[in-house]
Amino acid sequence: MARVFPQFLDQDADVVARSLLGCRIVRILGDEGTIERIVVRIVETEAYDQFDPASHTFHGRSERNRAMFGPAGHAYIYFTYGMHYCLNITAAAEGFGAGVLIRAVEPVEGVEIIERRRGRTGVDCTNGPAKLCKALDIDKALYGHDLRLPPLMLEQSSLRPGEHVAATARIGISKAAELRRRFLITDNPYLSHGPMWTEQCDSRRTQQGTA
DNA sequence: GACCAGATATGCT
DNA sequence: GCATATCTGGTCT
């Protein structure tokens, strides 16, 4: 399994968002006595950049979003709604504010740790951006973290045979939601709104002639 | 499926 | 000072 290096990420955010599907996130928890390892696979992403009204970088650099203007392949973590953290992976050359929101992941290793952390079982553990942060113990402490290094690493991996990628409108935002910058592995049970929602969303857009 | 509360950092006026 | 937010979980229908 190969690491993801910055040059892989140092592209248009849409390209990166698509490329990240199927890649793995490795999270190391605990101290030397009790090391716990969680591995998940990315199944849903959304692209944002500073030309995008929905992006945190649209209004320029600030203390909150400085990581997004840094080099590619780092963690941009933000706190929202007073209680949730969400994880983005910075995706462009230094100085350009762009990133990819990780919306949903599929557990690969350490499922029991994830279920313990979430207090529930099944797809509900990681099928949302704040859910997966809670499952992987991701918070402000990892803000700006280089994803080539422990305790949070990104590893390149490809799609499985028979898997397909789709682009749909984005979710949960009030501006520029119509842009098809949400990328997902179709029919994956861990998608944040499930296959039915995606189908409905797609057919609605096709009817509008915006596909 | 629809609706709503939750609790706070951030940015705009 | 105030509105908003890349959301979730619980309740009600």
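All values below come from the heavy atoms of this structure, side chains included, with hydrogens, waters and symmetry mates left out. Chain letters run A, B, ... following the sequence lines, proteins first, then strands; residues in each count from 1.
Here the C1' atom of nucleotide B/dT10 and the CD1 atom of A/Ile77 are 17 Å apart, to the nearest Å. Straight-line distance from the CG atom of A/Leu20 to the C1' atom of C/dT6: 16 Å, rounded to whole Å. In this structure, A/Phe183 atom CZ and C/dT6 atom P are separated by 19 Å, rounded to whole Å. Following rounding to the nearest Å, A/Ile138 (CD1) and C/dC7 (P) show an atom-to-atom distance of 16 Å. Look at CG on A/Leu101: it is 7 Å from P on C/dC7, rounded to the nearest Å. Protein atom CZ of A/Arg170 is 11 Å distant from nucleotide atom P of C/dC7, rounded to whole Å. Atom OH in A/Tyr85 sits roughly 10 Å away from atom C1' in B/dT8 (whole-Å rounding). At whole-Å resolution of the value, CG in A/Asp52 and P in C/dA5 are 14 Å apart.
Pair assignment for B/dA7: none, as no Watson-Crick or G-U wobble contacts are both less than 3.5 Å. Look at C/dT6: it lacks any Watson-Crick or wobble partner with both distances under 3.5 angstrom.
The existence of a salt bridge linking A/Arg103 and A/Glu46 is confirmed by a sub-4.0 Å separation between a basic side-chain nitrogen and an acidic carboxylate oxygen. Comment: A/Asp52 engages A/Arg170 in a salt bridge, judged by a side-chain N to carboxylate O separation of less than 4.0 angstrom. A salt bridge links A/Arg182 with A/Glu44: the distance from a Lys NZ or Arg NE/NH1/NH2 to an Asp or Glu carboxylate oxygen falls below 4.0 Å.
Residues A/Tyr85 and A/Tyr143 keep their aromatic ring centres 6.0 Å or farther apart.
Contact between the side-chain N/O atoms of A/Arg182 and the OP1/OP2 oxygens of C/dT6 is not found at any separation under 4.0 Å. In terms of phosphate contacts, A/Ser174 brings no side-chain nitrogen or oxygen within less than 4.0 Å of OP1 or OP2 of C/dT4. At C/dC7, one or more side-chain N or O atoms of A/Arg103 fall inside 4.0 Å of OP1 or OP2 (strictly under the cut-off). For B/dT8, neither phosphate oxygen OP1 nor OP2 lies less than 4.0 angstrom from any side-chain nitrogen or oxygen of A/Lys140. Close to B/dT10, at under 4.0 Å from its OP1 or OP2, lies no side-chain N or O of A/His56. For A/Lys131 and C/dG9, the shortest distance from a side-chain N or O to OP1 or OP2 is below 4.0 Å.
When heavy atoms are screened at a 4.0 angstrom cut-off, A/Ala130 is found touching the sugar-phosphate backbone but no base atom. Within the 4.0 angstrom heavy-atom criterion, no nucleotide atom of any strand lies near A/Lys134. In this structure, A/Arg118 reaches the sugar-phosphate backbone alone: every heavy-atom distance under 4.0 Å involves primed, P, OP1 or OP2 atoms, never a base. Residue-level contact check: A/Ile173 touches the backbone only, with heavy atoms under 4.0 Å from sugar-phosphate atoms and none from bases. A/Ser62 comes within contact range of the sugar-phosphate backbone alone, with a heavy-atom separation under 4.0 Å but no base atom that close.
Each of A/His59 and A/His84 has a nearest nucleotide on DNA chain B; the 5'-most of these lies closest to A/His84. Mapping A/Arg61 and A/Tyr81 onto DNA chain B via the closest heavy atom, the residue that lands nearer the 5' end is A/Tyr81.
Just one of A/Asp139, A/Leu142, A/Leu87, A/Thr126 meets the side-chain contact (heavy atoms from CB on, under 4.5 Å) condition when paired with A/Cys133; it is A/Leu87. When each of A/Arg24, A/Arg37, A/Arg41 is checked for a salt bridge (Lys or Arg N to Asp or Glu O under 4.0 Å) with A/Glu109, only A/Arg37 meets the rule.
Residue A/Tyr78 places a side-chain atom within donor-acceptor reach of the base of C/dT6, judged by atom type and a 3.5 Å distance cut-off alone.
Listed nucleotides: B/dG6, B/dT8, B/dG11. Nearest to the side chain of A/Phe79: B/dT8.
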